[in-house]
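This is a predicted model, so every value here is computed, not measured.
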Amino acid sequence: MAEMVSAREYLENYKKLVDEKAEQLKGMTGTILFDFTEDGNGCWYVEMDDGKAMPVVEGKPEDPTMTITGAYETFYKLRTGQLKPEEVLPTGKLKLGGDTTFTQNFIRVGLT
């Protein structure tokens, strides 16, 4: 198993994953907040414009459209297949919040 990369490095690559699915996300505009303060990895956000992601920014936006809250390690393990969604979402290890339609679209295309 590969060594876990930093939150910044992973989210910069996550932006690329979002961009690859831009056609499926067309029309979506908003801000995704990744709140990893639980394990000391800070807050990060990505702004979306018509399905395309802007560069990742460290910090907390004023009014995020969608939030992912929990430990970065849990998020990383979920995204890399080391954990299954049913192991983290129903148990509250990761919490999704914000606009339901926006969040459901991310889940539908496999980005959450």
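- Across Pro90 and Pro85, no two heavy atoms sit closer than the pair CD-O, 3.4 Å.
- Looking at heavy atoms from C-beta onward, Lys93 lies out of side-chain contact with Glu87 at the 4.5 angstrom threshold.
- Counting only distance, with no hydrogens or angles, the side chain of Asp99 and the backbone of Thr65 share no donor-acceptor pair below 3.5 Å.
- Contact detail for Met66 and Thr103: the closest heavy-atom pair is CG-OG1, 3.5 Å.
- Side-chain N or O atoms of Tyr76 include none that pairs as donor or acceptor with a backbone N or O of Ala7 at under 3.5 Å.
- Inter-residue side-chain proximity for Thr67 and Lys95 is flagged as unmet; no heavy-atom pair is nearer than 4.5 Å.
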- Message: Run Val18 and Val46 through side-chain contact (heavy atoms from CB on, under 4.5 Å) and show every step you take.
- Response: CA-CA 10 Å; Val18 172; Val46 175; 5.9 Å; no

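- More than 12 heavy atoms of other residues, nucleotides or ligands shown are found within 6.0 angstrom of CD on Glu86.
- Side-chain heavy atoms closer than 4.5 Å link hydrophobic residues (I, L, V, M, F, W, Y) into clusters, and following such links, even through other members, never connects Phe36 to Val57.
- Residues Met28 and Met48 share a closest heavy-atom pair of O-CB, 4.0 Å.
- Note: the hydrophobic cluster containing Leu33 does not contain Leu94 (ILVMFWY, side chain heavy atoms under 4.5 Å, direct or indirect links).
- Side-chain atoms of Asp50 come within 3.5 Å of backbone atoms of Gly27 as a donor-acceptor pair (strictly under, hydrogens ignored).
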- So Val5 and Asn13, side-chain contact (heavy atoms from CB on, under 4.5 Å) or not? Walk me through it. CA-CA 10 Å; Val5 298; Asn13 287 323; 5.7 Å; no

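- Thr74 is listed as a side-chain neighbour of Leu83, based on a closest heavy-atom distance under 4.5 Å.
- Residue Phe34 forms a ring pair (Phe, Tyr, Trp, His ring centres under 6.0 Å) with just one option from Tyr14, Trp44, Tyr45, Tyr10, and that option is Tyr14.
- Using a 4.5 Å heavy-atom threshold, the side chains of Lys60 and Asp35 count as touching.
- Taking a cutoff of 4.0 Å between a charged side-chain nitrogen and a carboxylate oxygen, Lys77 and Glu73 qualify as a salt bridge.
- No donor-acceptor pair closer than 3.5 Å links the side chain of Asn105 to the backbone N or O of Leu25.
- Within a 6.0 Å sphere centred on NZ of Lys15, other residues, nucleotides and ligands contribute more than 12 heavy atoms.
- Closest heavy-atom contact between Leu78 and Lys84: CD1-C, 3.8 Å.
- Judged purely by atom type and a 3.5 angstrom limit, Thr31 has no side-chain atom pairing as donor or acceptor with the backbone of Glu47.
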- Query: Could you walk me through whether Leu96 and Ile68 pass the side-chain contact (heavy atoms from CB on, under 4.5 Å) check?
  - Reply: CA-CA 5 Å; Leu96 302 178; Ile68 299 173; 3.6 Å; yes

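- Atom CG in Leu11 sits 7.0 Å away from atom OH in Tyr72 (nearest 0.5 Å).
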